[in-house]
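Encoded as structure tokens, the structure appears first; notes follow it.
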Number of protein chains: 2
Amino acid sequence: MKAHIDQIRRFNRAITLRMGTLDDSFLDLGRPFGEARLLYEIGPDGAEIRDLRARMGLDSGYVSRLLRGLERQGLIQTKPSDADGRVRVARLTDAGRAVYADVDRAGDTFAAEVLAPLTAGERTRLVAAMNEVEKLMRTFAIRIGPDCAAGADAQTCLTNYFTEIAARFDDGFDPDLGLATGVADMTPPKGIFLMARLDGKPVGCGALLAEQGGIAHIRRMWVAPDVRGIGLGRRLLDALEDEAAKLGLHTIRLETNKALKEAQEMYRRAGYREVAPFNDERYADHWFEKRRSLKAGPA
Amino acid sequence: MKAHIDQIRRFNRAITLRMGTLDDSFLDLGRPFGEARLLYEIGPDGAEIRDLRARMGLDSGYVSRLLRGLERQGLIQTKPSDADGRVRVARLTDAGRAVYADVDRAGDTFAAEVLAPLTAGERTRLVAAMNEVEKLMRTFAIRIGPDCAAGADAQTCLTNYFTEIAARFDDGFDPDLGLATGVADMTPPKGIFLMARLDGKPVGCGALLAEQGGIAHIRRMWVAPDVRGIGLGRRLLDALEDEAAKLGLHTIRLETNKALKEAQEMYRRAGYREVAPFNDERYADHWFEKRRSLKAGPA
DNA sequence: ATATTTATCTGACTTAAGTCAGATAAATTT
DNA sequence: AAATTTATCTGACTTAAGTCAGATAAATAT
């Protein structure tokens, strides 16, 4: 363990020393970093300012000022969004596109420089190892937290979930026919909606409903196909159980369809045991329950 | 090639996004980043200010100001070096040591967080891949450039070189018995001294002497043992040949001892052919030459 | 229709980070 | 011994980066 931690720290140091500084410097073509980063983030297809702010985690006043600067330099133009008059959209001008291309080219040049001193075999190994690091770090980069069930991202998750189960369940799926779970049920104080995000992008969700008699009811657990197999389902489940604990709920229940074999397997491994049906969800074939006290199951 | 470059850029983005920000944030314990970094750089054993400046690439006035700030907070003390009254040494106080320990612990915590969501197998793979990336990036991080032959780092390289060949040559090595190559010979306009550095630390060297009749004479080529086998010798040789070209020298010569088999192999692969002795270096067994026009040899 | 929320902007700040031109004193070279 | 170099410091700057409190207008909820 200690050796692993040391390797990570060594890696961290080496990489920020090497790529970190170069990542900055390739954006630095004579203009302030923040400005260059914003311009690069706007990209050739343009972007909503609201989006830029969220992605980059910047103060709205600050972004506005940076945009004004880029506008003054003739690199971008902003105009209100067609769909929503409050939202403004930033778009690169021809001059801005030229700067973007410069920055992009500098990035390519830097990457080429990394490869330059290596032999063909070494290049292949480097790229493979980078891919591996990136993939495994993705797991760590996924953040789980409460979210607004009515939000656009949450709705996207739920829609994806419904679409998927409609395809997988033998008799399809119609949300109106199953037991209803509205936004209010997944919002405090009645319940909570957790979302998993990878770099801000939603990649999974799960809801916990607080019911009579100290019972937590888990529904709408979903993991995006491209992040499956890395234990995210289990992490979501753990997070939901933590929420149940916080609410003082001692029993956790959930039901699932027979088509979702992996899910059943996961619930069992997480210490759930199958019980008699506790509701009449028409899409359910298996009902599970776990008492909070007997928190167990092999990792 | 394009795929490789894209993977590197993707890696670069992902890593600076994930580790980069966390590398910063783990130093950020309520104090400015620059200050925290300097404190961390001073470390538990203290450091010469001259050294800190060089390592971190900062302006002397700026460093001075940062040190004054840390001093005011009672985190460090500075005093003149025993060896050289101009140099000052910064040392952590007990309070400083405590802050250092906090920062260090935060770094460990971060590393542990990276590992936390992974299975044992994934952890091993991550650490192995990180090690591979780090090792291969080291090649790219080695920078070759002209250096002062009289400087401390150059002298360190040369001493290491002499020590090594003294051990490897059948009849040992005494620099006073071989052909003399003084600092002046390796300094413009008479010649040039190149050094390879990895993160500032010297890891190799080579000298080029401009001689009568358009001849460039290469001597003192050395690569540190821990960076061998990654093509650094060849890169140094290429760099020296570039210098020869800049000086308009058309013929490159060098001599070597029979014990240095890998070197001879490298020279041959780089397009050098063995010629009759062109000097009476007593430690030489093989003499090589290459005309600049016939730049060739398989990579 | 009115109130609230959301997205953006402006002006007035603060702090961090760094540069540059000397000043000073120790060490080294001539 | 005098001149030069080296290491550090101080004061006077600049620029970047970001925060915060409203103001404004569009969209949405009541």
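These values consider heavy atoms only, across backbone and side chains, with no hydrogens, waters or symmetry-generated copies. Naming convention: chains lettered A, B, ... in sequence-line order (proteins, then strands); numbering from 1 in each chain. Every value quoted in this text rests on a predicted model; they were computed, and no experiment measured them.
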In whole Å, I'd like the distance from the [atom1] atom of [X] to the [atom2] atom of [N].
{"X": "A:Leu52", "N": "C:dT6", "atom1": "CG", "atom2": "C1'", "answer": "17 Å"}
{"X": "B:Arg31", "N": "C:dA16", "atom1": "CZ", "atom2": "P", "answer": "11 Å"}
{"X": "A:Leu70", "N": "D:dA17", "atom1": "CG", "atom2": "P", "answer": "12 Å"}
{"X": "A:Glu35", "N": "D:dA16", "atom1": "CD", "atom2": "C1'", "answer": "10 Å"}
{"X": "B:Arg37", "N": "C:dA17", "atom1": "CZ", "atom2": "P", "answer": "10 Å"}
{"X": "B:Leu67", "N": "C:dA17", "atom1": "CG", "atom2": "C1'", "answer": "15 Å"}
{"X": "A:Arg68", "N": "C:dC9", "atom1": "CZ", "atom2": "C1'", "answer": "7 Å"}
{"X": "B:Arg88", "N": "D:dT6", "atom1": "CZ", "atom2": "C1'", "answer": "15 Å"}

message: Between the side chains of B:Asp102 and B:Arg105, is the shortest nitrogen-to-carboxylate-oxygen separation below 4.0 Å, so that they form an ion pair?
response: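 Between B:Asp102 and B:Arg105 there is a salt bridge, with a charged N closer than 4.0 Å to a carboxylate O.
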Residues A:Asp104, B:Arg9: salt bridge by 4.0 Å N-O rule: yes
For [X] versus [Y], what's the shortest heavy-atom pair and its separation?
{"X": "A:Ala149", "Y": "A:Ala154", "answer": "O-CB, 3.4 Å"}
{"X": "A:Leu236", "Y": "A:Trp222", "answer": "CD1-O, 3.8 Å"}
{"X": "B:Ser81", "Y": "B:Glu48", "answer": "OG-OE2, 4.5 Å"}

Do [X] and [Y] have side chains that approach each other closer than 4.5 Å (heavy atoms only, starting at C-beta)?
{"X": "A:Arg31", "Y": "A:Leu75", "answer": "yes"}
{"X": "B:Leu240", "Y": "B:Met221", "answer": "yes"}
{"X": "B:Arg197", "Y": "B:Ile142", "answer": "no"}

- prompt: Has A:Arg143 got its NZ or CZ under 6.0 Å from the middle of the six-membered ring of A:Phe140, at an angle within 45 degrees of the ring axis?
  reply: yes
- prompt: Reading nucleotides 18-29 of chain C 5' to 3', which nucleotides get B (base under 4.0 Å from a protein heavy atom), which S (sugar-phosphate only), which -?
  reply: BBB-----BS--
task: Please round to 10 degrees the angle between the axis of the first five pairs and the axis of the last five pairs in the helix from C:dA1-D:dT30 to C:dT30-D:dA1.
output: 20°
